[in-house]
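Here is the structure we will look at.
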Amino acid sequence: MSIPNRLGAPEPTWTHDVDVIVLGSGAAGLSAALAARPVRDVLVVTKDVLSAGSTAWAQGGLAGVLGPTDSLQHHVADTLAAGAGLCDEGVVRRLVEEAPRAIRYLMRLGAAFDPDADGRGVALTREGGHSHNRIVHSGGDQSGREVQRTLDQSAIAAGVEVMEWSFALDLLVGQNANGQRQTAGVRIAVTDAAGHVFSVGDVTARAVVLATGGYGQIFASTSNPPAVTGDGLAMALRAGLAVTDAEFVQFHPTVMWRGPDARGQQALVSEAVRGEGAILFDAAGRRVMEGVHPQEDLAPRDVVAAAISARMAEAPAGVDDHVYLDATHLGERFYERFPSITAACRDAGIDPACERIPVAPAAHYACGGISADLDGRTAMTGLFAVGEVSATGVHGANRLASNSLTESVVAGTNLGRDLEWELPERVDPGEAPDGTEALLEPERRRDVRSAMSHNVGVLRHAGSLTAAVEQLHAVAGKATVGVTPSRDAWEATNVLTVAAAVAAAAKTRTESRGCHRRTDYGESRDIWLTHLGVALQDGEIAVTGVPPGA
Ligand code: SIN
């Protein structure tokens, strides 16, 4: 395999200097930008428009202990249980303690969360794996949109500079006074809305914040919008950083099924629908979750996604690619409580008040990422990571529903405040690293997605994972220097890079844990109570941290 270690692009023709550059414009990046802005020059760079990432699509909301019968200990316990042994308890505790403050902070910025019945507090709902109602939401199922709107307006009002339609290609890395590699800035391509290059330049900065989100688009079917192509992770891999826990891809159990040929972003049917009492049935009319887990339809989502996949494999009534979610007990109340899902159902010709909704699992969230603490610090000075691109220890092997927006606001704000106080010393960008600048033709992205969806889905085994690694190897062999640089080609190359990392990690972990489910190793194994790292070395994926005897 030869995965490019630099993205091919025209030579840079301009430079710009700021204190802090933030890559990505979802909840994590904008929280960091907003908190750092009062005393820093902050530039937010996004390859699309500000709201193109996953945040605006989040339906559920933000988890935080706000109800009188709930407790921090319950939220910690639920998060650890979902994370299946791989959470960092200290980090989880810190997140849970800071969560209510982060939610109140958003409200002070102007976020309108749905009120409770007497109108004095906020309404709290429940999702899979939560023992108590603790999720604040907005516009019924439009929580992410409200968080994005609030942070967009706040960041712009605070004077954060924004570059839209600007693709972050590669990190600029220099050397600090201690002889260590340190991030010095980012090479950026300015494009038109179709992704054609206008110009390339170098932005130097004392702090580079990766807030580029996840990588659902490495799969054929995902709840993530088209922009979610793992760009930050691929960039970090090319800069020599390792990705932790890449095998833990969370599949959302209930994404609307629109037929066997549906590809790309599919409409999410929030877990909050099951939180309001909806039940999963197979095509033969049998319940899916009865007897599978004590929390039945509100079990953690790895359990529900695996149960649905196992049931589909039995092809009840001849149907092997979807099951049904029955929310008809809500009647017309469904329309008001879940307006976006209602619109998606109507688009598919379904009335959720009186019909079951066809659903299937689809790629939803990356539990792993660049190792960072809850203040965004990574192993490389000058480089920070917040939100879905990071692995802080909060999610472990499976993220608890609605902990992600909360984590994004907490970690982003913590980081921004730290950067407001203190920045790393400036370093000069070194020479561009040697290496291949090849790119993948945009059409090859289809091959990557197909390899991943067929072989690295909810249920995996040695044969499927070996096939994925081999197919991705063949795709990597097609990367060439002759491809015209464009957003599509950079995304395709990043998609390949991240997919190769995920497939290699999934093949190596010979157990089932959290959202990594192997049919050939159906149980968790104690020797695997550890984290794998995946790095890019000379165009090959290398896996580290394999325990002896595994
Ligand atoms: C959902 O609403 O089901 C998704 C929420 C989440 O992913 O945290």
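Numbering of ligands and ligand atoms starts at 1, following listing order. All of these numbers come straight from a predicted model, not from anything done at the bench. Atoms considered below: every heavy atom in the structure, side chains included; atoms not considered: hydrogens, waters and symmetry mates.
- Taken from CG in D245 to NE2 in H516, the straight-line distance is 11.0 Å, to the nearest 0.5 Å.
- Sparse packing is recorded around CD of E332, with 12 or fewer heavy atoms of other residues, nucleotides or ligands lying under 6.0 Å away.
- Using bins of under 30°, 30° to 60° and over 60° for the plane-to-plane angle, the ring pair F338/F334 lands in the tilted bin.
- Side-chain contact of Q266 with R258: a donor-acceptor pair under 3.5 Å is absent, judged by distance alone.
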For residues 405-412, which side-chain N or O atoms pair as donor and acceptor with protein atoms under 3.5 Å away, sequence neighbours left out?
unit_1: T406; atom_1: OG1; unit_2: A63; atom_2: N; d: 3.0
unit_1: T406; atom_1: OG1; unit_2: A63; atom_2: O; d: 2.9
unit_1: T406; atom_1: OG1; unit_2: S402; atom_2: O; d: 3.3
unit_1: E407; atom_1: OE1; unit_2: H395; atom_2: NE2; d: 2.9
unit_1: E407; atom_1: OE2; unit_2: T392; atom_2: OG1; d: 2.5
unit_1: S408; atom_1: OG; unit_2: S404; atom_2: O; d: 3.1

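- Contact residues for ligand 1 (protein heavy atom closer than 4.0 angstrom to any ligand atom): Q59, G60, E127, H252, L268, S270, E271, R301, H364, R399, A401, S402.
- Between F251 and Y365, the distance from one ring center to the other does not fall under 6.0 angstrom.
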